[in-house]
*Asks:* 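Pasting a structure here, questions to come.
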Amino acid sequence: QLFGGARASRAEPPPPLWWAISVCAVLIGNTFIALGLMQQKRVHRKGPSQHRRDLCCCRGVDAYFLSPEWICGLVTFLAGHGFCFIGLALGAQSVLACLNCWCVVVSLLCAPSMLGEAVSACKVLAVLLVVVGCAWVTLSGPQRYHVFTVDRLRMYLVNQAFLAVSGLTVLTACVLAGHAGFTDR
């Protein structure tokens, strides 16, 4: 089989409870990511904080990133990535990938109060479309999948199609990195 399938692993698919946990973890994670970034942006917008200038190595630089509020936003952002890491490890990627746009929904709901941004009716309709699309994919997408095991990885490492795509990806990355290094000179 080209990229896996039923013969790739004898491991049983995880129960539906893991699917629900994975969806919740990704939604919570993306909510934290959006809130953390908005918190950092709010601190950055406040203007120079005179008492933090002495803590930075360069005089005259506003070290807003040393304020407790900004660090709290960073911790919230990183915690969100932790939740997403757990959720993506437990669920089917084809379903959970669409939930990354949940940050847009959270931003629309919280940006007016946190950042004073205006929300138009067109934006609300667009976000409602995003919510409907996320719900549709989540409810109709695969809820059971095969766990990625060492046996499946070994099968991929001898699969010619997988090796060809992986080799082409590495070759393209090397060419682009070489081109970038050449143009910087």
Side-chain angles (χ1 to χ4, degrees), residues 14-119 123-124 126-139 141-143 145-150 152-153 166 169-170 173 176-177 180:
L17 174 66
W18 290 112
W19 170 82
I21 291 171
S22 68
V23 169
C24 289
V26 170
L27 288 174
I28 291 169
N30 281 310
T31 300
F32 279 18
I33 289 169
L35 291 174
L37 287 174
M38 284 191 288
Q39 173 67 16
Q40 289 177 314
K41 185 175 181 179
R42 184 171 67 176
V43 172
H44 183 66
R45 281 181 162 182
K46 281 184 179 178
S49 53
Q50 299 297 332
H51 65 283
R52 294 286 172 193
R53 289 183 189 267
D54 297 337
L55 297 176
C56 189
C57 59
C58 301
R59 297 287 178 208
V61 173
D62 181 31
Y64 63 88
F65 52 87
L66 296 175
S67 71
E69 297 91 359
W70 193 90
I71 292 172
C72 180
L74 177 64
V75 169
T76 304
F77 173 78
L78 294 175
H81 280 288
F83 275 101
C84 287
F85 179 78
I86 292 167
L88 291 171
L90 297 175
Q93 303 302 305
S94 57
V95 172
L96 299 175
C98 79
L99 297 179
N100 287 333
C101 64
W102 185 253
C103 291
V104 174
V105 176
V106 174
S107 295
L108 179 99
L109 294 175
C110 298
S113 64
M114 288 183 75
L115 303 172
E117 295 181 0
V119 177
K123 288 179 184 177
V124 172
V127 167
L128 285 175
L129 184 63
V130 167
V131 170
V132 169
C134 285
W136 188 2
V137 170
T138 302
L139 295 174
Q143 296 180 6
Y145 66 99
H146 294 282
V147 178
F148 192 79
T149 62
V150 173
R152 185 176 292 264
L153 177 63
S166 298
T169 302
V170 169
L176 291 173

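Quick note: numbers below take in every heavy atom, side chains included, and nothing from hydrogens, waters or symmetry partners.
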*Asks:* Please name the pair of heavy atoms, one in Cys134 and one in Cys101, separated by the smallest distance, quoted to 0.1 Å.
*Replies:*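 Distance-wise, the nearest heavy atoms are SG-SG, 3.4 Å.
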
*Asks:* What's the separation between atom CH2 in Trp102 and atom CD1 in Ile33, rounded to the nearest 0.5 Å?
*Replies:*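 With rounding to 0.5 Å, CH2 (Trp102) is 13.5 Å from CD1 (Ile33).
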
*Asks:* Considering non-hydrogen atoms only, spot the tightest contact between Val26 and Cys84 and give its length.
*Replies:*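 The answer is O-SG, 3.9 Å.
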
*Asks:* Drop me the distance from Cys103's SG to Leu108's CG, to the nearest 0.5 angstrom.
*Replies:*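 Interatomic distance, Cys103 SG to Leu108 CG, rounded to 0.5 Å: 13.0 Å.
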
*Asks:* For the pair Lys41 and Glu117, find out whether any cationic side-chain nitrogen is under 4.0 Å from an anionic carboxylate oxygen.
*Replies:*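 Yes, this pair counts.
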
*Asks:* Would Phe85 and His81 count as a ring pair (Phe, Tyr, Trp, His ring centres under 6.0 Å) if you check the C-alpha gap in whole Å, the side-chain angles of each, and the deciding distance to 0.1 Å?
*Replies:* CA-CA 6 Å; Phe85 179 78; His81 280 288; over 10 Å; no

*Asks:* Going from CD on Gln40 to CD1 on Ile71, what distance comes out if it is rounded to the nearest 0.5 angstrom?
*Replies:*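 Reported value, rounded in 0.5 Å steps: 10.0 Å.
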
*Asks:* Any non-hydrogen side-chain atom of Trp19 less than 4.5 Å from a side-chain atom of Leu90?
*Replies:*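 Trp19 does not reach Leu90 side chain to side chain.
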
*Asks:* So which heavy atom on Leu88 is nearest to which on Gln93, and how close?
*Replies:*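 The pair with the smallest heavy-atom distance is O-NE2, 2.5 Å.
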
*Asks:* Looking at every heavy atom in both Val106 and Met38, which two are closest together, and how far apart are they?
*Replies:*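 Minimum heavy-atom separation between Val106 and Met38: O-CE, 4.1 Å.
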
*Asks:* Let me confirm one number: the CG-CG distance from Leu99 to Asn30, rounded to the nearest 0.5 Å.
*Replies:*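 Reported to 0.5 Å precision, the distance equals 7.5 Å.
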
*Asks:* Closest approach of Phe32 and Ala79, non-hydrogen atoms and distance?
*Replies:*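 Here Phe32 and Ala79 meet closest at CD2-CB, 4.1 Å.
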
*Asks:* Taking atom CD1 of Ile28 and atom CD1 of Ile21, what is their separation to the nearest 0.5 Å?
*Replies:*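 Reported to 0.5 Å precision, the distance equals 10.5 Å.
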
*Asks:* Which heavy-atom pair separates Val137 from Ser94 by the least distance, and what is that distance?
*Replies:*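 Distance-wise, the nearest heavy atoms are CG1-O, 4.2 Å.
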
